[in-house]
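Report on the following structure.
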Amino acid sequence: MLFIDKLFGKEDKKLDKGKLPVHIAIIPDGNGRWAKKRGLPRSIGHKEGTNALRSIVKIADRVGIKYLTIYAFSTENWRRPKDEVDTLMALMLEFLKNAEKELEGSDVRIRVIGNTKGMSGELQNEIKRVTKLTEKRKGLNLVIALNYGGRDEIINTIKDIARDVLDGKLSIDRINEQLISEKLYTSDIPDPDMIIRTSGELRSSNFLLWQSAYTEYWFPDMLWPDFKEKDFIEAVCEYQKRNRRYGGV
Ligand code: FPP
């Protein structure tokens, strides 16, 4: 905390540490445009986007956020050219392989949500290794959404529930919000308090559809590689100004 005080001075004074969001989720949009603006290939934009993620993980942990979810690859992202998909997969592999060293001394736990069976064997093994290695950690939970789609998640949940009903393990009357939440990838993760989407695009793009029923959204204009620690602090300050009513008055 002291570090943040020194780094951000006045910014930090605005931060009420007793009212922190528990879970912040991010749609890191704009890597391609960031590269295009500089006449660089899109792959460089994704590389810079990965670096931006590294610094945001560190600041989120220092601020005391418990869950940070990043929409790294959607079920729709397979439609991109093969070389771009390959770049993204390679960056994810590298990120996971280096995570231990980079997060040394921290208590960050890494988890992955999404249909990981659709990923390469190497990536699946790395996911298993890193999630197992960090599973007892009690600090920030870094949740990486990989091959994730909100609709896909809901379809899988419906199938699960339908199977239980058909097998006579579940009566239809027991289907409620809690049961559905418990069957999602995020079963033991609280709903996001805030979703940040960079680059000025105003869409949810199939991200955490069920979980975001009462989430606060924030849409800063900057492109993801330009999103810095101070912007993350600003997001938390913005969250603290919101009046959450959950449908009440
Ligand atoms: C959206 O920008 C970004 C993505 C589809 C990929 C997000 C990936 C990362 C931040 C890095 C990899 C993640 C990990 C966990 C290592 P875009 O390409 O759609 O940008 P554009 O809209 O400007 O084209």
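All residue numbers in this chain count up from 1 along the given sequence. Everything numeric here is computed off the predicted structure, so don't read it as measured data. First listed ligand is number 1; within each ligand, the first listed atom is number 1.
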For this session: Give the residue, atom name and distance (to 0.1 Å) of the protein heavy atom nearest atom 3 (C) of ligand 1.
Result: Pro28 O, 3.2 Å
Problem set entry | Selected option - heavy-atom contact closest to atom 21 (P) of ligand 1, from Lys36, Glu201, Arg33 | Arg33
For this session: Number the atoms of ligand 1 from 1 as they appear, then name those within less than 4.0 Å of a heavy atom of Leu53, with their elements.
Result: 14 (C), 15 (C)
For this session: Measure Trp34 to ligand 1 on non-hydrogen atoms and call it side chain, backbone, both or neither using the 4.0 Å cut-off.
Result: neither
Exercise. Which atoms of ligand 1 have any heavy atom of His46 under 4.0 Å away?
Worked result: 18 (O)
Problem set entry | Test: Asp188 and Arg111 ion pair at under 4.0 Å | yes
Exercise. Taking distance alone, with no angle check, do Asn77 and ligand 1 share an N/O pair under 3.5 Å?
Worked result: no
Exercise. Are the side chains of Leu140 and Lys66 in touch, meaning some heavy atoms are under 4.5 Å apart?
Worked result: no
Problem set entry | Close approach, Arg80 and ligand 1, non-hydrogen under 4.0 angstrom | yes
For this session: Have a look at ligand 1 and work out which part of Leu88, if any, has a heavy atom under 4.0 Å from it: side chain, backbone, both or neither.
Result: side chain
Exercise. Ala72 heavy atoms, cut-off 4.0 Å: which ligand 1 atoms fall inside?
Worked result: 6 (C), 7 (C), 8 (C), 13 (C), 15 (C)
For this session: May I ask you to check if ligand 1 and Asn31 share an N or O to N or O distance below 3.5 Å?
Result: yes
Exercise. Quick one: does Arg42 get an N or O within less than 3.5 Å of an N or O on ligand 1?
Worked result: yes
Exercise. Relative to each other, are the rings of Tyr214 and Tyr246 parallel, tilted or perpendicular (30° and 60° limits)?
Worked result: tilted
For this session: Examine Asp29 against ligand 1 and note whether any of their N/O atoms are separated by less than 3.5 Å.
Result: yes
Problem set entry | Electrostatic pair Lys241-Glu238, nearest N-O below 4.0 angstrom | yes
Problem set entry | Axial cation check for Trp78 ring with Arg80, 6.0 Å and 45° limits | no
Problem set entry | Basic-acidic side-chain contact under 4.0 Å: Glu102, Arg54 | yes
For this session: Determine, stepwise, if the pair Ile27 / Ile195 fulfils side chain to side chain contact (heavy atoms under 4.5 Å, CB included).
Result: CA-CA 7 Å; Ile27 304 175; Ile195 291 182; 4.2 Å; yes
Exercise. Between Asp167 and Arg163, is the closest basic N to carboxylate O distance under 4.0 Å?
Worked result: no
Exercise. Quick one: do Asp164 and Lys183 make a salt bridge, cutoff under 4.0 Å?
Worked result: yes
Exercise. Just which atoms of ligand 1 are under 4.0 Å from any heavy atom in Thr50?
Worked result: 11 (C), 12 (C), 16 (C)
Seminar exercise, completed: atom 20 (O) of ligand 1 has as its nearest protein heavy atom Gly32 N, 3.0 Å
